[in-house]
Amino acid sequence: MLLEVRNLHGWYGKSHVLQGVDLDVGFGETVALLGRNGVGKTTTMKALTGVLSRAKGEILFDGSSTDGLEVHALAKMGMALVPEHRGIFASLTVEENLRLAARNGAGWTVQDVFTAFPEIERRKKNPGDKLSGGEQQLLSIGRALVTGPKLLLLDEPTEGLAPVIVDKLVQLIEQLKDGGLSILLVEQSIEVCLKVADRLLVMDHGRIVWQGTGPELLAAEEVRNRYLTLEMA
Ligand SMILES: Nc1ncnc2c1ncn2[C@@H]1O[C@H](COP(=O)(O)OP(=O)(O)OP(=O)(O)O)[C@@H](O)[C@H]1O
Ligand SMILES: [Mg+2]
């Protein structure tokens, strides 16, 4: 396994949000994390990447414990978060946003990102905030790729995007999978999950309460009714 998480707890102040999360992501696997608003999906991503200031549990990443490591060290090990609100620096240009994140030896260079996403290259001198939602999402993913991730953590990448852009993102995720990248994906659209995820996890109240494949989730009506508000396209 690339990522093994056992009994992960996380807090915001006194509020105990993650209450013993267990999850695994295999090498080359795409795992989708589902659940209603506020159950702890984003907090899980933050805890894994060191952004959450108070977390506790066992996390093995590529065979090493991540205990005590901070955001930078975790990024260097190959954890790359594409946050819910994309986290682009508005005052920097598109190109600067990428160069700031880029690391020598990563599989992806800034030029590779431009080649893969010509719509971003066309805007490379524009400020980061002068992009459409879809372009910002591509830039945010590009920024994660140039860090040289082993695990890409995508938090609701398709949220608020037009269907044609969603289709493009699905294709991109499929390409990244084909390239061998492992992905942990928070995603509300069951359609997107069915297309890209090898395994689905359902979260409720800070724990994983169900796991299975896409077709298994489609068949598990009770699980869907109880734990999910899925958008069926
Ligand atoms: N910065 C914060 N400070 C305090 N509480 C927070 C903070 N961020 C989130 N929470 C609370 O923690 C819980 C889990 O939030 P989280 O953002 O992880 O949910 P989520 O599953 O990602 O939901 P959504 O689908 O809305 O993105 C919620 O009750 C939320 O209100
Ligand atoms: Mg969230």
Side-chain angles (χ1 to χ4, degrees), residues 1-27 29-62 64-75 77-87 137 140-141 144 147 149-159 173 181-190 192-193 196-214 217 223-224 226-230:
M1 286 288 159
L2 173 63
L3 177 71
E4 292 176 54
V5 178
R6 295 293 173 268
N7 202 24
L8 178 65
H9 290 257
W11 294 262
Y12 293 105
K14 286 193 174 143
S15 163
H16 188 183
V17 172
L18 300 182
Q19 308 212 350
V21 177
D22 292 323
L23 66 85
D24 295 326
V25 181
F27 288 96
E29 194 178 30
T30 294
V31 175
L33 183 59
L34 306 167
R36 291 195 208 272
N37 290 339
V39 296
K41 304 179 302 292
T42 296
T43 307
T44 301
M45 302 289 227
K46 286 186 185 170
L48 293 174
T49 52
V51 181
L52 189 69
S53 49
R54 193 166 165 224
K56 192 181 89 186
E58 286 164 50
I59 303 173
L60 271 186
F61 185 58
D62 207 8
S64 306
S65 167
T66 69
D67 200 25
L69 297 180
E70 295 187 359
V71 176
H72 253 77
L74 289 165
M77 284 174 87
M79 290 259 201
L81 176 64
V82 178
E84 209 167 9
H85 299 293
R86 294 156 193 162
Q137 190 61 55
S140 190
I141 294 173
T147 68
K150 291 178 185 152
L151 180 68
L152 189 64
L153 299 106
L154 296 169
D155 196 351
E156 305 214 24
T158 69
E159 192 185 12
I173 293 171
L181 194 62
S182 306
I183 299 172
L184 182 61
L185 169 73
V186 172
E187 178 58 58
Q188 300 283 356
S189 155
I190 183 82
V192 171
C193 289
V196 302
D198 302 304
R199 211 148 45 78
L200 282 67
L201 309 176
V202 174
M203 182 166 230
D204 191 44
H205 289 96
R207 283 197 190 104
I208 306 299
V209 292
W210 182 91
Q211 61 172 306
T213 63
L217 183 63
V223 173
R224 282 187 283 124
R226 190 152 165 210
Y227 299 118
L228 302 175
T229 333
L230 287 175

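Nothing fancy with the numbering, it's 1 onward along the sequence. Computed from heavy atoms alone, side chains included, the values below leave out hydrogens, waters and symmetry copies.
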Work out which heavy atom in [X] is nearest to a heavy atom in [Y]; give both atom names and the distance.
{"X": "L18", "Y": "G40", "result": "CD2-O, 3.5 Å"}
{"X": "A144", "Y": "L152", "result": "CB-CD1, 3.5 Å"}
{"X": "L34", "Y": "E187", "result": "CD2-O, 2.7 Å"}
{"X": "M77", "Y": "S64", "result": "CE-CB, 3.9 Å"}
{"X": "H16", "Y": "H9", "result": "NE2-ND1, 2.8 Å"}
{"X": "L52", "Y": "W11", "result": "CD1-O, 3.9 Å"}

If we only count heavy atoms from C-beta on, is the [X] to [Y] side-chain gap below 4.5 Å?
{"X": "E58", "Y": "S65", "answer": "no"}
{"X": "V31", "Y": "Q211", "answer": "no"}
{"X": "T44", "Y": "L23", "answer": "yes"}
{"X": "R36", "Y": "D204", "answer": "no"}
{"X": "T43", "Y": "Y12", "answer": "yes"}
{"X": "V186", "Y": "T42", "answer": "no"}
{"X": "D155", "Y": "K46", "answer": "no"}
{"X": "L228", "Y": "I190", "answer": "no"}

Rounded to the nearest 0.5 Å, what's the gap from [atom1] on [X] to [atom2] on [Y]? Could you check?
{"X": "L2", "Y": "I183", "atom1": "CG", "atom2": "CD1", "answer": "11.5 Å"}
{"X": "L60", "Y": "L3", "atom1": "CG", "atom2": "CG", "answer": "8.5 Å"}
{"X": "L33", "Y": "I208", "atom1": "CG", "atom2": "CD1", "answer": "5.0 Å"}
{"X": "E84", "Y": "M45", "atom1": "CD", "atom2": "CE", "answer": "9.0 Å"}
{"X": "E159", "Y": "S189", "atom1": "CD", "atom2": "OG", "answer": "12.0 Å"}
{"X": "E29", "Y": "L184", "atom1": "CD", "atom2": "CG", "answer": "10.0 Å"}

I'd like to know if the side chain of [X] and the backbone of [Y] have a donor-acceptor N/O pair within less than 3.5 Å.
{"X": "K41", "Y": "M203", "answer": "no"}
{"X": "T30", "Y": "D198", "answer": "no"}
{"X": "D22", "Y": "N7", "answer": "yes"}
{"X": "R207", "Y": "Q19", "answer": "yes"}

Within a radius of less than 6.0 Å around CD of E70, do more than 12 heavy atoms belonging to other residues, nucleotides or ligands occur?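 No, CD of E70 has 12 or fewer neighbouring heavy atoms, counting only those of other groups under 6.0 Å.
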Closer than 4.0 angstrom, basic N to acidic O: yes or no for R6 and D24? yes
Please report the C-alpha distance between N37 and Q188 in whole Å, then the side-chain angles of each, then the deciding distance to 0.1 Å, and finally whether the side-chain contact (heavy atoms from CB on, under 4.5 Å) criterion is met. CA-CA 10 Å; N37 290 339; Q188 300 283 356; 3.9 Å; yes
Run the numbers on W210 and L217 for side-chain contact (heavy atoms from CB on, under 4.5 Å), then give the verdict. CA-CA 9 Å; W210 182 91; L217 183 63; 3.7 Å; yes
